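The structure appears right after this line, and notes come after that.
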Number of protein chains: 2
Amino acid sequence: MNRRSAKDSKSSILDAALKAFSEHGYSGANMRTIAGNANISVGGLYLYFKSKEALCLSLMKERLEELSSKTERIVKDTYNPAEAIEKFISINLDYTKEHREIILTQGRDKGFTFGADVKKRFFRQQRKFVEKIIREGVRTGVFLECNVPETAKIVTAMLRGFVLSVLLEPDGLFNVRGCCEFVLRGLLKNV
Amino acid sequence: MNRRSAKDSKSSILDAALKAFSEHGYSGANMRTIAGNANISVGGLYLYFKSKEALCLSLMKERLEELSSKTERIVKDTYNPAEAIEKFISINLDYTKEHREIILTQGRDKGFTFGADVKKRFFRQQRKFVEKIIREGVRTGVFLECNVPETAKIVTAMLRGFVLSVLLEPDGLFNVRGCCEFVLRGLLKNV
DNA sequence: GGTTCACATGAACAGACGTTCAGCTAAAGA
DNA sequence: TCTTTAGCTGAACGTCTGTTCATGTGAACC
C-alpha cells in the first residue's frame, strides 16, 4: 500500500481542519492550506470529505459529542450537587483550554444557521445536565429553592461566558476556582 | 447635486455593512452585497471606505464607543452599588438586543487579531467600570470582601455569556432579572 | 509478468472576491 | 451657456476560492 492508511490520513486532515477553522472561521479557512498542513493533496482531501461544509460539520459533531459524553460520564457519578457543579464547570473549561477550537460552536460564520441542529442538541444536553444537578441540590436542601430551568439557563450562560474568556485571555489569567465559587454562591443555601 | 448627501450615503453603507458582517462574519461578508443593500455602486462604496477592513473597523469602533459611553453615563450617577451592577448588566443586554451585530466583538474571524486593540480597549474599560462598582460596594460594606480585580473579571465574563445567550436564543427567552439576581447573590453580604 | 486495488496527485475550471478607474450625471455658480 | 463640483457608476483586473478528474504509484495477489 501507499504512504499512509486511510485512517491516518483522515485524522491528519481533521487536525489541520480544526486549526484552520478555529483560526480563520469557516469562510476564512482554506481547503488548500488544510490539505497542505495535513500533508495531502487537495484531491486527496476530497477523497475523505466531499465538501468544505461536510468537513466542518464532521469536525463540530465529533468535538461536541466528545465533550458531551465526557461531561456525562464524570457528572453521573458525583452525588454531591455542589461538587457536581464545580466538576461541570471545570470539565468544560479544561476542555476549552485543550481544544481552543471548540469556539467553533459559538461562531456566527455562515450565519447562525450553520450546524444549528448539532449545536442546539449540544446546548440542550448541557442544560439538561445542569438542571439535573440543580434539581438534586434543591431536593436535598443544599441549594436554594428556585425556578430550575431558568436557573440552569443562567448557569449555562455564565459558563458560556467563562469559556469565551478562557479563549480570549492569555493562558492562566482566568481563575476557574473563583468562577466555581461565584456560581455556587448563587446556588447554595448556606455559603 | 446628486441623489443623496455624502452623509446619508455613508450612513446607508454603515447600516448595510452592519447587517452583512454580523450575519456572515468578516470573510463571509461581501462588498457587492453591502453596496447593493446600501443602494450605491461598488465604486461609490469605495469613495467612503478605502477597504473592507477599514469599513469593518470603523463599524466596530463606533458601536463599542457608543455602548461604552452609554454605560459610563448611566453607571456614573448611580450611587447604590447593587443597583449599579443591575444597571450595568441590563444596559449591556438591552444594547445587545437592539444591536445584535455587537457579536462582531466576540468573533474570531480573521484570527483573534482583527480589531484586537479596539476590542481590548473596550473590554478593559468595561472591567474598570465593574471594578469601580465592586470597590465601592466593598467599601460601604454592602458587598462581601473579595479580590476586586479577580471578581470584576468573573462578573464581566458572566456578562459576556449573557450577551451571547441573548444573541443565540430566540427573543424573550432569556431572563435579565434572574441574571442580575444571580450575580448579586455572589456579591452581596446579606441576600 | 500482469492485474487489481487502495491511496494519492495537481493542473484545470468556473465562479466569487476585493479593488480600481475612466468616465458619467445633474445641480450650483459664473 | 459654460464650467465646476460633489456624488456616483459598473465593467474590468488580478487573485483566490471550492471542487473535479484524468492520471500516477506502489504494494499485494494471481
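Everything numeric here is computed off the predicted structure, so don't read it as measured data. Numbers restart at 1 for each chain; the letters A, B, ... are given by sequence-line order, proteins then strands. Because only heavy atoms are used, hydrogens play no part in the values below, and waters and symmetry mates are left out as well, while side chains stay in.
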Residues which pass salt bridge (charged side-chain N to carboxylate O under 4.0 Å, His left out) with A:Arg121, listed by chain and number, not counting sequence neighbours: none
Rounded interatomic separation in angstrom, taking NZ from A:Lys7 and P from C:dC7: 13 Å
Residues that A:Glu65 engages under salt bridge (charged side-chain N to carboxylate O under 4.0 Å, His left out), provided they are two or more places apart: none
Pairs of donor and acceptor atoms involving the side chains of residues 128-136 of chain A, under 3.5 Å and at least two apart or interchain, shall be tabulated with distances.
{"residue": "A:Glu136", "atom": "OE1", "partner": "A:Arg139", "partner atom": "NE", "Å": "3.4"}
{"residue": "A:Glu136", "atom": "OE2", "partner": "A:Arg139", "partner atom": "NH2", "Å": "3.0"}

Look for any protein N or O under 3.5 Å of an N or O in nucleotides 10-13 of chain D and output each such pair with its distance, or none.
{"residue": "D:dG10", "atom": "O6", "partner": "B:Gly43", "partner atom": "N", "Å": "3.3"}

Whole-Å gap separating P (D:dC8) and CZ (B:Phe49): 13 Å
Selection from D:dG7, C:dA8, C:dG18 that lies nearest to any side-chain heavy atom of B:Ser9: D:dG7
Residues which pass salt bridge (charged side-chain N to carboxylate O under 4.0 Å, His left out) with A:Glu181, listed by chain and number, not counting sequence neighbours: none
Touch class at under 4.0 angstrom, heavy-atom based, for A:Tyr48 against every strand present: sugar-phosphate
Sugar-phosphate, base or nothing in reach of A:Ala29, heavy atoms under 4.0 Å: sugar-phosphate
Partner set under salt bridge (charged side-chain N to carboxylate O under 4.0 Å, His left out) for A:Glu62, not counting sequence neighbours: none
Sugar-phosphate, base or nothing in reach of B:Ile40, heavy atoms under 4.0 Å: sugar-phosphate
Closest nucleotide among C:dA8, D:dG18, C:dG18 to the A:Arg4 side chain: C:dA8
d(CG, B:Leu45; P, C:dT20) in whole Å: 12 Å
